[in-house]
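This report refers to the structure that appears directly beneath it.
Position 1 is the first residue of the sequence, and the numbers go up from there.
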Amino acid sequence: MNLKVLIVGSGGREHALAKKVAESALVSKVYVGPGNGGTEALEVSSKISNVECDKDSPDSVLKVAKTYAVSLVCIGPEVPLVLGVVDLLHKNGVPCYGPSKIASRLEGSKAFAKDFMLRNSIPTADYKVFKKGQNDEAKKYLYSCGFDVVVKASGLCAGKGVFIPESIKEAEEAIDFLLDGEVSLPDSEIVVEERLYGEELSVLAFCDGEHAVLMPPAQDHKRVFDGDKGKNTGGMGAYAPAPMGMNDKLREEIHATCVNRTLAAARKEGFEFRGTLFVGVIVTSTGPKVLEYNCRFGDPETQSLLPLLKSDLVPILFACVPSAVKTLKLDDGQSSVDQFLSCDLKSVAVEWQKNLFCCNVVATSNGYPGKYDKGMEIVGLENLQDPVSVIHAGTTCKDGKVYTNGGRVFSVVSLGSSLQSAISEPYKYLGETVKFPGMHFRKDIGYRAIKPPIKLGVLGSTRGTSMQYVIDAIEKGWIRATIEIVISNKTSSGILDRAEKHGIKTQFYSAKGLKREEFDAKVTSCLKEHKVDLILAIGYMRILSDSFVKTWWGKTLNVHPSLLPDFAGGMDLQVHQAVVDAKKEFSGCTVHYITEEVDGGPIAVQKRCKVLSNDTAESLKARVQPLEGPAFVEAIYRHKIDVPKE
């Protein structure tokens, strides 16, 4: 078969797509419009070449597709999708992989996407949409919503429309910046939403309108500097599969609530989603939630996903195109190839490599993501050896040499039998063998994934209800942690029974006849024996000795039933009654690090709820108590990032 395929775009994603499509025995030619240095001159295969094309113009894409009589078009970037390129191509009888204009609103308008999720019970952050001229209303919402916020422009902003403020003042500045028309599309809508905490996953799926086939879960790195510092970028690297996303229960939950529910909701609302649905998922202390939708292959995720695809990509792409436009044009003039005309995703093979990982590290120009240099000669690309390869992005060729021509210049990609080996290979070449003046790259791609799960120890004297929530969260894959030991000073405490039911080791110590320091020394010895990283005090009815607090400073968490520092020192119903009497607007719980000062240690997490006008101490407790488990889970996640310093 002699299919001709057009890939639209000029970045690393498009080079990766072109390479994968060119592997197909069904394909005789791959055009990339406008392409880059990698698709122009560095391919051994004669299948791939660049063509002139305005990637953001649907009319230009149609003209190129007709000129070269292509059998299939695959759209890389989001702009032409939002402008309706798929609709135009299908109207003119050209098969195209990608969503329609109406379906692309899921990416083109964050306001539309958030309302869509709310209407269809797709888990996402609480939010509110504001339009131009509603600056004051948006700022009032910052004070009334009861949570930290993220401020987002609704329209496409090339990654420059998201602000994560650290204060109310910064949030107000972001609102003014966006609503005054500096960044957003002409509608100047913004979304102010709850800031969520947890591991993020890039979940991509092939979709034919009814069925979705998940790709391996990936994780990318948006910030420009190591340790997730600095400005946001288009992506500094990615790896797949991400270990956290391989938990079967979590993967099934994401598939059901985030992906399949999206496809079903789209059909219910009168449109099909076809193409690549990219769901940005954050795994929070209450489960996975959708941060945002993208309607195309991700960049840099694609560079790490396609090398893992064992099946031929081309039949998969065709399976996602409506049957009505699957009339294939071949080099010999034949058409109407039956095997493609009626297939959907249920009838094509989508098989991934087993026991393999892939990582790509992005090299960027000096100054990126701000104003950056161009025209720097790149050397050493020819010296890359298997399993390492290069995917070009912002490059151009001249007189047989390769030069920088963009912010993100190229990715160095590697496969490995372990995630660690896949991550380590690119760094053997970057900066030494492969380089250009001013080249920058992150040196910690995948750093979170290769860290072992955090080891927990639990101290408790009561039922351990909050510990049950932590156990459930671990089993569901919401956090990467293990409970190594549960210690109690009460033989009959429910927390020991709870632990034993889940196969967790337990230890009882009697405090009879022991001084506080002596008892705590035995507890410390047990915790160290089990190599505990973090301790949770859950209903622990003992005052900790100064020596224990010093030994475990910054590693022991406790929960208090108010929003500290308010109402510190009290307990249970006494605290809730004090909140009601004070006529507070919000209450909640605080997970904090234990120090010598009672309830005075650094705050790890606070979870809030509204105080109702008719609340009693008992009714308020009934709403606050369920917040404690999620607060502990979030604190465990954030402990890996924000360990307090003495």
Side-chain angles (χ1 to χ4, degrees), residues 197 285 454-467 469-470 479 481-490 493 495-496 499 507 509 511 514-572 574-575 587-607 624-625 627-646:
Y197 294 89
S285 61
I454 190 167
K455 294 182 178 181
L456 305 174
V458 177
L459 308 181
S461 308
T462 55
R463 294 177 300 165
T465 304
S466 294
M467 186 186 73
Y469 193 93
V470 175
I479 49 170
T482 59
I483 299 179
E484 298 295 314
I485 185 70
V486 176
I487 302 173
S488 181
N489 62 320
K490 302 281 188 181
S493 66
I495 199 167
L496 294 179
Q507 180 65 58
Y509 288 122
L514 296 177
K515 295 180 179 179
R516 187 182 300 165
E517 289 79 5
E518 293 173 335
F519 180 86
D520 285 353
K522 295 177 71 172
V523 173
T524 287
S525 178
C526 183
L527 292 168
K528 288 184 175 180
E529 178 186 342
H530 289 86
K531 299 179 180 179
V532 165
D533 301 311
L534 180 67
I535 302 166
L536 311 181
I538 297 179
Y540 193 48
M541 310 303 288
R542 286 186 57 83
I543 298 174
L544 296 171
S545 63
D546 289 349
S547 60
F548 185 94
V549 171
K550 289 177 181 177
T551 300
W552 297 98
W553 203 99
K555 296 180 180 180
T556 308
L557 292 171
N558 186 36
V559 66
H560 184 77
S562 75
L563 299 176
L564 293 175
D566 291 348
F567 311 106
M571 294 183 67
D572 199 28
Q574 173 195 354
V575 173
S587 188
C589 67
T590 302
V591 173
H592 63 94
Y593 289 91
I594 293 178
T595 61
E596 291 87 345
E597 181 184 355
V598 175
D599 296 332
I603 291 173
V605 170
Q606 290 187 318
K607 295 289 185 182
V624 170
Q625 204 165 43
L627 301 176
E628 294 180 1
F632 266 123
V633 170
E634 185 174 314
I636 293 165
Y637 165 76
R638 294 177 66 175
H639 175 78
K640 297 188 295 184
I641 306 166
D642 304 319
V643 179
K645 294 178 174 57
E646 192 166 4

Do you know the tightest heavy-atom contact between [X] and [Y]?
X      : Y      : result
Ile594 : Ala537 : CD1-CB, 4.2 Å
Val591 : Ala631 : CG2-CB, 3.6 Å
Ser545 : Glu517 : CB-CG, 4.1 Å
Met467 : Val458 : SD-CG1, 3.9 Å
Val575 : Ser562 : CG1-CB, 3.5 Å
Ala635 : Ala604 : CB-CB, 4.1 Å

Would you say [X] and [Y] make side-chain contact, with heavy atoms under 4.5 Å?
X      : Y      : answer
Ile636 : Ser285 : no
Val486 : Leu496 : yes
Leu459 : Phe548 : yes
Tyr593 : Leu557 : yes

To the nearest 0.5 Å, what is the distance between [atom1] ([X]) and [atom2] ([Y])?
X      : Y      : atom1 : atom2 : value
Ser488 : Ile538 : OG    : CD1   : 11.5 Å
Asn489 : Leu514 : CG    : CG    : 11.5 Å
Leu544 : Arg516 : CG    : CZ    : 8.5 Å
Glu596 : Trp553 : CD    : CH2   : 9.0 Å
Asn558 : Tyr540 : CG    : OH    : 11.5 Å
Met541 : Lys490 : CE    : NZ    : 8.0 Å

Exercise. Can you say whether the rings of His560 and His592 are parallel (under 30°), tilted (30 to 60°) or perpendicular (over 60°)?
Worked result: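 If you compare the ring of His560 with that of His592, the planes turn out perpendicular.
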Problem set entry | Over 12 foreign heavy atoms within 6.0 Å of CZ, Arg542 | yes
Show every donor-acceptor pair shorter than 3.5 Å between a side-chain atom in residues 522-536 and any protein atom, with sequence neighbours excluded, or say none if there are none.
from	atom 1	to	atom 2	distance (Å)
Thr524	OG1	Asp520	O	3.2
Thr524	OG1	Trp552	NE1	3.1
His530	ND1	Cys526	O	3.0
Asp533	OD2	Lys455	N	2.8

For this session: Check step by step if side-chain contact (heavy atoms from CB on, under 4.5 Å) holds for Val559 and Ser466.
Result: CA-CA 10 Å; Val559 66; Ser466 294; 5.6 Å; no
